[in-house]
Amino acid sequence: MKRIRENKVILLIVGPTAIGKTRLAITLAKKLQGEVISCDSMQAYKGMDILSQAPSKDEKKAAKHHLVGILDPKREYSAATFRKKAMPVIAAILKRKRVPIVAGGSGLYVRALVDGLFPTTAADMKFRERMQRFVSRNGSQELHDRLLRIDPGSARLIHPNDVRRIIRALEIYETTGRTMTELKTATRPLKDRYDIKIFGLIASRKKIYSRIDSRVDKMFDCGAVKEAGKLAKKRISRTAETVLGFREIKRYLNGEYDLEYAKDLVKMNTRRFAKRQLTWFRSDGRIKWFDITRNKEAKIVRRIIKEVR
RNA sequence: GCCGAGGUAGCUCAGCGGUAGAGCGCUGCCCUGAAAAGGCAGGCGUGGCGUGUUCGACUCACGCCCUCGGCA
């Protein structure tokens, strides 16, 4: 059993933002003959390197990176798109007899990759807009009631105020003729094909927050304002515009508040993001955690390599 | 020093003679094609300090301390 999977190991590095996933992934890639696949909804975009904290030129030279800076900001990205792009990349890396190292903090993307997505259609913007209008006229409860009639299983899982998810569930039924509850049973996880090893980096909340604060300061020193200003002039996708820092800086450039305030807002929003990431990853029992303050990087690397071999 | 306003949850502030609320923050949680997004839940805090009035004071009175504005 173990022999068959010997060359089919996939390594994943997860954890909150600013914890050092990129760095660890690169070190592992060097030691294991691996290649890094970014599992990140924002690093995929071009022209957003500073805001998305994408790996630097040097880092990209140190190890081969995939799915970084590959998408025009005007295009939408999604967990499904990521999966579609990542699967062949993983297969190709394995074919080269190298180790795929998936690194990133987008929890849903990790799940989409590891546990799979049920087969369905892509987003239908017109339908979503129509539903949105319905909600502003009749309230979300009304729409939730509609879902309850169509797909009671999903309705029970989705809060009446969670408009996005109600709309998505209705959209799935509208475009496929089948309910989300039905489709979910057709999800095929990746672990059927590969040996998945997930490692998480963690630290005390205080430590994570102070790392975020200094990273945001650095971001601003490195030209985040200029980058955001450039993006603000173009029309960028709904996905890309949610990158942390973009909205806050745009409003600063708009004269709504000063630079210090903008910085504080970015810090606050990044801390909240990290908090949500922690909640997300915490519940995944498959993750093997390493506290970065209790373990030197070399030790973590050694332990991971031992796990993989 | 005088006059005025005020000191209530981390912050900004409501309110009331019967042992306190909101928004934001914060913490916890949920999450299947927008996910760096979206949603849900959680508020005992010496009510600046002291004395008094009262069955009972955060709420009234007096004194003190502190903050802000104006006058000197």
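Here is the naming used below: chain letters follow the sequence lines, and residue numbers restart at 1 for every chain. Any value given below was found using the heavy atoms of this structure, including those in side chains, with hydrogens, waters and symmetry copies removed.
- Salt-bridge check for A/K126 with A/E129: failed, with every basic side-chain N at 4.0 Å or more from each acidic carboxylate O.
- Looking at heavy-atom distances under 4.0 Å, A/G105 makes contact with sugar-phosphate atoms alone, never a base.
- Note on A/K230 versus A/E227: no salt bridge recorded, every NZ/NE/NH1/NH2 to OD/OE distance being 4.0 Å or above.
- Taking atom C1' in both B/G70 and B/U54, one finds a spacing of 38 Å when rounded to whole Å.
- In this structure, the separation between CG on A/L28 and CD1 on A/I26 is 10.0 Å, given to the nearest 0.5 Å.
- Listed by residue number, A/H159, A/N161 are the residues of residues 137-161 of chain A with a heavy-atom contact under 4.0 Å to RNA chain B.
- With A/S106 contributing its side chain and A/L108 its backbone, the two residues share no donor-acceptor pair below 3.5 Å.
- Shown here for A/I249 and A/V225, the closest heavy-atom pair between the two residues is CG2-CA, 3.9 Å.
- Residue whose closest nucleotide on RNA chain B sits further toward the 5' end, between A/S106 and A/K184: A/K184.
- Taking 3.5 Å as the limit, the base of B/A36 and the side chain of A/R276 contain no donor-acceptor pair of atoms between them.
- Distance CG (A/L117) to P (B/A35): 12 Å, rounded to an integer number of Å.
- For A/R164, the listed nucleotide lying nearest its side chain is B/A34; candidates were B/G33, B/A34, B/A36.
- Two residues, A/Q277 and A/K84, neighbour RNA chain B, and the one matched to the more 5' nucleotide by heavy-atom proximity is A/K84.
- For residues 141-155 of chain A, every residue pair satisfying the side-chain hydrogen bond (donor to acceptor under 3.5 Å, both in side chains) rule, not counting sequence neighbours, is listed here: A/Q141-A/D145, A/D151-A/S154, A/D151-A/T181, A/S154-A/T181.
- Comparing B/A57 with B/C40, their C1' atoms sit 38 Å apart, to the nearest whole Å.
- Panel note: side chain A/E59, backbone A/S56; a donor-acceptor pair is recorded below 3.5 Å.
- Remark: the separation of the C1' atoms in B/U51 and B/C13 is 29 Å, to the nearest Å.
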Report all side-chain donor-acceptor pairs from residues 62-75 of chain A shorter than 3.5 Å, counting only partners two or more places apart or in another chain.
| from | atom 1 | to | atom 2 | distance (Å) |
| --- | --- | --- | --- | --- |
| A/H65 | ND1 | A/A63 | O | 2.9 |
| A/H66 | NE2 | A/E35 | OE1 | 2.6 |
| A/D72 | OD1 | A/K74 | N | 2.8 |

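- Residues in residues 78-94 of chain A take part in these side-chain hydrogen bond (donor to acceptor under 3.5 Å, both in side chains) pairs, two or more places apart or across chains: A/S78-A/T81.
- Between the C1' atoms of B/U59 and B/U8, the separation comes to 11 Å (whole Å).
- With P as the reference atom, B/C66 and B/C29 are 45 Å apart, rounded to whole Å.
- Side-chain atoms of A/F118 lie closest to B/U32 of the nucleotides B/G33, B/U32, B/A36.
- At a cut-off of 3.5 angstrom, the base of B/A37 holds no donor-acceptor pair with the side chain of A/R272.
- Taking 3.5 Å as the limit, the base of B/G38 and the side chain of A/R165 contain a donor-acceptor pair of atoms between them.
- Within 4.0 Å (heavy atoms only), A/L51 reaches at least one base atom of the nucleic acid.
- Here A/Y109 reaches the OP1 or OP2 of B/A35: one of its side-chain N or O atoms lies under 4.0 Å away.
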Inset, instruction - Report the secondary structure of RNA chain B in dot-bracket form, marking unpaired bases with a dot and bases paired to a different strand with |, and treating Watson-Crick or G-U pairs with both distances under 3.5 Å as paired. - result: (((((((..((((.......)))).(((((.......))))).....(((((.......)))))))))))).
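- No engagement by A/S237 is indicated, since no non-hydrogen atom pair under 4.0 Å with the nucleic acid exists.
- Scored by the ring-ring contact (aromatic ring centres under 6.0 Å, His included) test, A/Y77 finds A/Y109 as partners (sequence neighbours excluded).
- The distance between atom CH2 of A/W280 and atom P of B/A36, rounded to the nearest whole Å, is 9 Å.
- A/K21 is not listed as a side-chain neighbour of A/L24, based on a closest heavy-atom distance of 4.5 Å or more.
- Within the 4.0 Å cut-off from OP1 or OP2 of B/U27, at least one side-chain nitrogen or oxygen of A/Y209 is found.
- For the pair A/R168 and B/G33, the criterion of a side-chain N or O lying under 4.0 Å from OP1 or OP2 is met.
- What separates OH of A/Y261 from P of B/C24 is a distance of 13 Å, to the nearest Å.
- As judged by a 4.0 angstrom heavy-atom cut-off over every strand, A/S41 is placed among the base-contacting residues.
- Using P as the reference atom, B/G63 and B/G1 are 15 Å apart when rounded to the nearest Å.
- Nucleic acid contact class of A/T120 (heavy atoms, under 4.0 Å, all strands): base.
- Side-chain nitrogen and oxygen atoms of A/T279 include at least one within less than 4.0 Å of the OP1 or OP2 phosphate oxygen of B/C29.
- Atoms CZ (A/F273) and C1' (B/G28) sit 18 Å apart, rounded to a whole Å.
- Whole-Å rounding puts the A/E227 CD to B/A36 C1' distance at 14 Å.
- Here the side chain of A/R271 is nearest to one of B/U32, B/U27, B/C26, namely B/C26.
- Residues A/D213 and A/K218 are not paired through a salt bridge, judged by the lack of any N-O separation under 4.0 Å between the basic side chain and the carboxylate.
- Contacts of A/R247 with the nucleic acid, taken as non-hydrogen atoms under 4.0 Å apart, are absent.
- Among the heavy atoms of the strands lying under 4.0 Å from A/D40 is at least one base atom, whether or not backbone atoms are also near.
- Note: CG (A/D264) to P (B/C26) measures 12 Å, nearest angstrom.
- In this structure, A/A123 reaches the sugar-phosphate backbone alone: every heavy-atom distance under 4.0 Å involves primed, P, OP1 or OP2 atoms, never a base.
- Side-chain N/O atoms of A/R238 include none lying less than 4.0 angstrom from OP1 or OP2 on B/A37.
- Nucleotides B/G21 and B/G17 place their P atoms 16 Å apart, quoted to the nearest Å.
- Summarising the geometry, the separation between CD1 on A/I19 and C1' on B/A36 is reported as 16 Å, rounded to the nearest angstrom.
- Within 4.0 Å of A/F246, counting heavy atoms only, lies no atom of the nucleic acid at all.
- Not one N or O on the side chain of A/Q43 forms a donor-acceptor pair closer than 3.5 Å with the backbone of A/D40.
- Across the protein-nucleic acid pair, A/D284 atom CG and B/C29 atom P stand 14 Å apart, rounded to whole Å.
- With P as the reference atom, B/G39 and B/G23 are 15 Å apart, rounded to whole Å.
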